[in-house]
Amino acid sequence: DLVTLTTDKLGALTTAAVAALTTAQVASLTTDQIVGLTAAQTGALTTDQVVALTTTQASKLSTSSAAALTATQVAALQTADLVKLSTDAVAALSSSAVSALTTSQIAALTTSQAVALTTDQIKQLGTAQVVALTSAQAGVLTSDQVSALSATQVSKLETADLAKLSTTAVAALSSAQTRSLTTDQVVALSTAQAASLSTTSAAALTSAQVTALETADLAKLSTDAIAALTTAALRGLGSDQVAALTTGQLAAVSTAQLAS
């Protein structure tokens, strides 16, 4: 009887023997037996066997087992099982495994799992996966995770998701990331996010992006950010935007910025 096998005896099974187990046998494995699976044995599981895993079993997969999961196996994980992976197991997934996650799987990740993604894993997210991120997930991303996003990835963030980025994450945006923001994304910025824009980000803003800034957001830019705007960006200001500038912001504008 498979269930009565000790973890040591189960661990001694060859990968071929593990791959030959029926789905019913896999589903009957105890949590101790699941914990005891070697990386090689986990990597040998067929997609049908992966589908057969119970949510309880998925929650007990070790980091070594998670790291051994192939792209094909991860794509076969049912979302109910995926969300039960420990944060350590999620962080252990290989780059190819993360790239293989379906958009439905990405959207199903818990906020704890989302914040557990490493920067290397974040870099592997495809544009469709970035689009699939939920607002709740975007809201917990750390500044390091956001900094790891490419300019292309940033430009694919849905406006509702972008609006949920923390102010520390927005403050960490690079010039390339800032420049990649669409005008719709710029419009979506909250006043708190606008206030957190760094001088690096402000200096990267294009004329079209500055034009898209809502007056309430523009009025929240720091004086240092205003002083960092390029001449071309300043020319993008509309009359309503100019009227919304605070006296402090107006005083921060240099003659060099106003030069033609």
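What you are looking at is a predicted structure, and each value in this text was computed from that prediction instead of being measured. Quick note: residue numbers are just sequence positions, from 1.
The same ILVMFWY cluster, assembled from side-chain heavy atoms under 4.5 Å apart, contains both Leu53 and Leu13. Hydrophobic clustering keeps Val83 apart from Ile34 (ILVMFWY residues linked when any side-chain heavy atoms are closer than 4.5 Å, directly or through intermediates). Hydrophobic clustering (ILVMFWY, side-chain heavy atoms < 4.5 Å, transitive): Leu250 and Ile226 are in one cluster. Linking ILVMFWY side-chain heavy atoms closer than 4.5 Å, directly or via other members, places Val35 and Leu45 in two distinct hydrophobic clusters.
When every heavy atom of Thr46 is checked against every heavy atom of Ala19, the shortest pair comes out as CG2-O, 3.9 Å. The two residues Ala202 and Ala228 have their closest heavy-atom pair at CB-CB, 4.1 Å. Between Ala160 and Ser135, the closest heavy-atom pair is O-OG, 3.5 Å. Across all their heavy atoms, Val131 and Lys156 have their closest contact at CG2-O, 3.6 Å. Nearest heavy-atom pair, Thr231 versus Gln257, reported as atom, atom and distance to 0.1 Å: OG1-O, 2.9 Å. In this structure, Val210 and Ala233 approach most closely via the heavy-atom pair CG1-O, 3.4 Å.
Proximity of Leu218 to Leu221: side-chain heavy atoms (C-beta onward) are separated by under 4.5 Å at one or more points. Put simply, the side chain of Thr211 does not reach to within 4.5 Å of the side chain of Leu237, judged on heavy atoms. A heavy-atom distance below 4.5 Å is found between the side chains of Thr56 and Thr31.
When Ile106, Thr118, Asp120, Leu93 are each tested for a side chain to side chain contact (heavy atoms under 4.5 Å, CB included) with Val98, only one passes: Leu93.
In this structure, NZ in Lys220 is found 13.5 Å from CD in Glu214, a value given to the nearest 0.5 Å. The NZ atom of Lys84 sits 11.0 Å away from the OG1 atom of Thr54 when rounded to the nearest 0.5 Å. Atom CD of Gln193 and atom OG1 of Thr167 lie 8.0 Å apart (nearest 0.5 Å). Within the model, atoms OG1 of Thr200 and CG of Asp224 stand 11.0 Å from one another, a figure rounded to the nearest 0.5 Å. Once rounded to the nearest 0.5 Å, the distance linking CG of Leu213 with CD of Gln241 reads 6.5 Å. We find the CG-CZ distance between Leu229 and Arg235 to be 13.0 Å, quoted to the nearest 0.5 Å.
With hydrogens and angles disregarded, a donor-acceptor distance shorter than 3.5 Å links the side chain of Gln177 to the backbone of Val146. Under a 3.5 Å cut-off, the side chain of Gln73 and the backbone N or O of Val50 do not form any donor-acceptor pair. For Asp217 (side chain) and Thr191 (main-chain N/O), a donor-acceptor pair under 3.5 Å exists by modelled atom type. Side-chain atoms of Gln145 do not come within 3.5 Å of backbone N or O of Ile122 as any donor-acceptor pair. Put simply, the side chain of Gln209 gets close to the backbone of Leu181: a donor and an acceptor are under 3.5 Å apart. Not a single donor-acceptor pair under 3.5 Å links the side chain of Gln124 to the backbone N or O of Gln121. Remark: side-chain polar atoms of Gln49 are paired, donor with acceptor, to backbone N or O of Val18 under 3.5 angstrom. The backbone N or O of Leu61 lies less than 3.5 Å from no partner atom in the side chain of Ser65, so there is not a single donor-acceptor pair.
For Ser94, the side-chain hydrogen bond (donor to acceptor under 3.5 Å, both in side chains) partners two or more places apart in sequence, or in a different chain, are Ser96. Contacts of Ser166 classified as side-chain hydrogen bond (donor to acceptor under 3.5 Å, both in side chains), with partners at least two apart in sequence or in another chain: Thr168. Residues forming a side-chain hydrogen bond (donor to acceptor under 3.5 Å, both in side chains) with Thr102 (at least two apart in sequence, or on another chain): Gln105. By the side-chain hydrogen bond (donor to acceptor under 3.5 Å, both in side chains) test, Ser99 is found to be paired with no residue, residues two or more places apart in sequence or in another chain being considered.
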- Step by step, work out the side-chain hydrogen bond (donor to acceptor under 3.5 Å, both in side chains) result for Ser62 and Ser64. CA-CA 5 Å; Ser62 65; Ser64 59; 3.0 Å; yes

- Task: Would you sort out whether Ser201 and Thr178 count as a side-chain hydrogen bond (donor to acceptor under 3.5 Å, both in side chains), showing the intermediate values?
- Result: CA-CA 6 Å; Ser201 285; Thr178 303; 2.8 Å; yes

- Step by step, work out the side-chain contact (heavy atoms from CB on, under 4.5 Å) result for Thr127 and Gln153. CA-CA 6 Å; Thr127 53; Gln153 288 174 313; 5.7 Å; no

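Defined by atom type and a distance below 3.5 Å, a donor-acceptor pair is missing between the side-chain atoms of Thr70 and Thr72.
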Would you give me the side-chain donor-acceptor pairs under 3.5 Å for residues 74-82, sequence neighbours excluded?
residue, atom, partner, partner atom, Å
Gln78, NE2, Val51, O, 2.8
Asp81, OD1, Thr55, N, 3.2

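In the hydrophobic clustering, where aliphatic and aromatic side chains (Ile, Leu, Val, Met, Phe, Trp, Tyr) are joined below 4.5 Å either directly or transitively, Val115 groups with Val140.
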